[in-house]
Protein chains: 2
Amino acid sequence: MLGGMIEARHLRVLRAVAATGSFSAAARELGCTQPAVSQQMKVLEGAAGTPLLIRSGREMRLTEAGRALVRHATGILAGLTAAEEEVAAIAGLRAGRVRLVSFPSGSSTLVPMALAELRAAHPGTRVSLVEAEPPGSVEMLRSGDCEIALAFRYPQMGEEASGEWDDLVLRPLLNDRLVGVVPEGHKFAGAGAVGIAELAGEPWIAGCPRCRGHLVEVCESEGFTPRIDFATDDYPTVIGLVGAGLGVAVLPELALESVRTKGATTLEVEPAVRREVVALTLPDLARVPAVAATLDRLEQAARR
Amino acid sequence: MLGGMIEARHLRVLRAVAATGSFSAAARELGCTQPAVSQQMKVLEGAAGTPLLIRSGREMRLTEAGRALVRHATGILAGLTAAEEEVAAIAGLRAGRVRLVSFPSGSSTLVPMALAELRAAHPGTRVSLVEAEPPGSVEMLRSGDCEIALAFRYPQMGEEASGEWDDLVLRPLLNDRLVGVVPEGHKFAGAGAVGIAELAGEPWIAGCPRCRGHLVEVCESEGFTPRIDFATDDYPTVIGLVGAGLGVAVLPELALESVRTKGATTLEVEPAVRREVVALTLPDLARVPAVAATLDRLEQAARR
DNA sequence: TCCGAGCATAAGCGACCCTTGGGGATGGGC
DNA sequence: GCCCATCCCCAAGGGTCGCTTATGCTCGGA
């Protein structure tokens with residue numbers, strides 16, 4: 001039904017014939033038999049509606065239409081191989097760009113490590129990073145604004161349906177333990193571990209809205225409602241506030257990785273609370289080599 | 001055996017999918033069914049080695065490789081349609097160039113008439129004209145220096161094998177009668193007809209080498225050898241020489257068509273001698289529309 | 001909850017393409 | 001002048017590819 005069109009295959013054959021001057025030589029160059037070349041040319045001449053080459057005794061010459069077609073074939077086939085090469089480069093991790101969205105504590109720890117290793121292994125792949133908290137980052141993923149979204153979730157939280165990411169490819173990276181942070185002079189400073197309920201009376205400093213929501217949930221299950229005096233998603237700020245004695249906090253361990261905890265000290269909390277840090281992508285994108293490679297490096301960095 | 005290549009058909013489908021945003025719409029646009037599009041894209045993705053588009057819920061988006069391929073497809077398909085159009089123009093007589101070689105008396109009579117009609121019918125086809133006498137013009141045809149050769153031959157001449165043009169396409173144009181030319185004051189001037197043998201004692205003025213050879217042959221078969229005082233392939237010169245009373249000549253009627261015969265008068269010769277004027281081309285070239293059209297106009301002009 | 005739209009899959013079938021084998025013509029070598 | 005190698009065309013066979021029909025599934029919207 002879609003017949004009559006000139007196909008790239010025809011142009012390859014024609015070019016080989018024009019270059020070699022004979023069907024047999026073209027067939028050798030193309031790695032097929034001579035009748036195959038003969039038939040291809042017959043089909044092409046049929047599509048063109050005019051002879052393309054003249055068999056004059058020994059040599060094979062082009063007609064005007066044949067010359068015109070060869071002239072175009074050069075550019076067309078060059079464009080085609082260029083396209084193939086570019087696609088092959090993307091598929092072969094020699095090129096390509098991945099847009100990664102991460103929450104702050106991930107982008108300051110996992111991401112740099114993963115990208116460094118990716119860069120070392122595949123210098124051609126470029127990864128761009130944008131920061132966004134989970135609800136928005138997943139939205140960006142779905143709307144096509146990024147290829148990978150680093151996100152986290154609290155397994156216990158029931159408010160967000162556990163099936164929210166069912167249509168996504170989920171790569172678990174690490175289980176991030178939450179640790180308490182108190183001023184160095186605090187009464188629990190040297191305790192090593194503390195029950196959350198024991199901090200009921202303290203002023204609290206909360207992190208991002210999502211973490212804050214989870215914090216409240218956990219505290220309420222422990223029998224109290226925390227008095228939150230400050231809330232900021234900037235973890236150095238949280239540490240600074242704690243260090244200044246303005247309150248206590250419970251932060252993901254990952255968030256403390258890249259923050260100097262001067263003036264504050266950490267301690268385990270009871271009950272143990274963890275958040276799950278995962279990389280999300282779309283099913284089709286998971287099969288894109290550059291995306292898969294980035295996911296692998298992220299996983300590798302998380303295992304450290 | 002030549003698999004794995006990206007074909008133009010794939011790019012057409014991909015472009016349609018990218019443009020419409022859905023397989024079904026692309027199928028409608030391409031005039032095929034939806035599974036056909038689905039399979040094409042699967043094959044293309046297999047050849048590319050990476051997904052090209054992501055099925056995200058309702059909408060269909062391109063991956064980076066898909067965008068790269070679409071970007072290239074634009075140029076490739078444009079080049080392909082340009083090639084098809086150019087070939088179609090040549091095949092449809094809206095373009096194209098024909099190189100015509102003719103002997104002088106043909107190029108001054110038949111050719112202008114034929115080219116005028118060709119120009120009127122197909123303004124796009126251009127014909128270039130070069131003058132050459134038959135032995136050389138056929139050589140040019142065989143060596144690819146022209147598409148059509150106007151030539152003539154003397155049927156009686158045995159020296160040139162009658163099979164010399166067997167591998168060519170021969171289009172008979174006209175049988176050119178040879179007429180005698182004598183000065184106006186000549187004793188045969190008003191005779192209307194004369195036997196060649198009666199001119200045995202006259203000084204002769206011969207035309208082109210080929211005609212001269214034939215003239216000698218005819219005269220010898222009539223029992224005498226002509227005394228040739230002048231030989232030139234420029235017919236006005238021949239007429240001028242005859243008009244000046246320097247001799248007699250036997251010329252093709254066609255050659256007199258465009259020459260003012262002042263000072264000379266024509267008469268029929270016995271035995272009647274004719275030369276056959278034909279258009280020659282190569283078998284493959286005869287099927288080239290522009291060549292065929294030119295041949296038709298030449299034949300048409302000769303019938304006049 | 002039903003329904004329409006859209007994509008994927010499987011089976012069937014036709015077309016296409018390549019191969020093999022043989023014939024004819026051309027041009028060079030002895 | 002004859003032989004032979006090369007090259008192209010032709011015909012037939014087989015395998016693959018691509019398109020179509022039919023079916024099932026998912027997703028959104030009424």
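Chain A is the first sequence line, chain B the second, and so forth, proteins listed ahead of strands; every chain is numbered from 1.
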*Quick one: label Met60(B) by what it contacts on the DNA or RNA (base, sugar-phosphate, nothing), any heavy atom closer than 4.0 Å.*
sugar-phosphate
Show every donor-acceptor pair shorter than 3.5 Å between a side-chain atom in residues 16-25 of chain B and any protein atom, with sequence neighbours excluded, or say none if there are none.
unit_1, atom_1, unit_2, atom_2, d
Thr20(B), OG1, Ala16(B), O, 2.8
Thr20(B), OG1, Ser22(B), N, 3.4
Thr20(B), OG1, Ser22(B), O, 3.0
Thr20(B), OG1, Ala26(B), N, 3.4
Ser22(B), OG, Ser24(B), N, 3.3
Ser22(B), OG, Ala25(B), N, 2.9

Anything under 3.5 Å between a donor and an acceptor, one on a side chain of residues 32-49 of chain B, the other on a protein residue two or more places apart or in another chain? List them.
unit_1, atom_1, unit_2, atom_2, d
Gln40(B), OE1, His10(B), NE2, 3.4
Glu45(B), OE2, Leu52(B), N, 2.9
Glu45(B), OE2, Leu53(B), N, 3.4

*When Watson-Crick pairs (N1 to N3 and N6-O4 or O6-N4) and G-U wobble pairs (N1-O2 and O6-N3) count only below 3.5 Å on both distances, what is the dot-bracket string of DNA chain C, with | for other-strand pairs?*
||||||||||||||||||||||||||||||
*Just to confirm, is there a sub-4.0 Å distance from OP1 or OP2 of dC19(D) to any side-chain nitrogen or oxygen of Thr33(B)?*
no
Taking N or O atoms only and anything under 3.5 Å, show me the protein contacts with nucleotides 10-14 of chain D, one pair per line.
unit_1, atom_1, unit_2, atom_2, d
dC10(D), OP2, Lys42(A), NZ, 2.8

*With a 4.0 Å heavy-atom cut-off, tell me which residues in residues 17-27 of chain B come close to DNA chain C, sorted by residue number.*
Ser22(B), Phe23(B), Ser24(B)
_Between Arg55(A) and dT26(C), is there a contact of a side-chain N or O with OP1 or OP2 at under 4.0 Å?_
no
*List in chain and number order the residues that pass salt bridge (Lys or Arg N to Asp or Glu O under 4.0 Å) with Arg71(A), two or more places apart in sequence or in another chain; answer none if no residue qualifies.*
Glu86(B)
_Residue-phosphate contact under 4.0 Å: Arg9(A) side-chain N/O, dC17(C) OP1/OP2_ = yes
*Any side-chain N or O of Ser38(B) less than 4.0 Å from the OP1 or OP2 oxygen of dC7(C)?*
no
_Please check this pair: side chain of Glu276(B) against backbone of Arg153(B), looking for a donor-acceptor N/O pair closer than 3.5 Å._
no
*Could you state the atom-to-atom distance from CD of Glu59(A) to P of dG27(C) in whole Å?*
10 Å
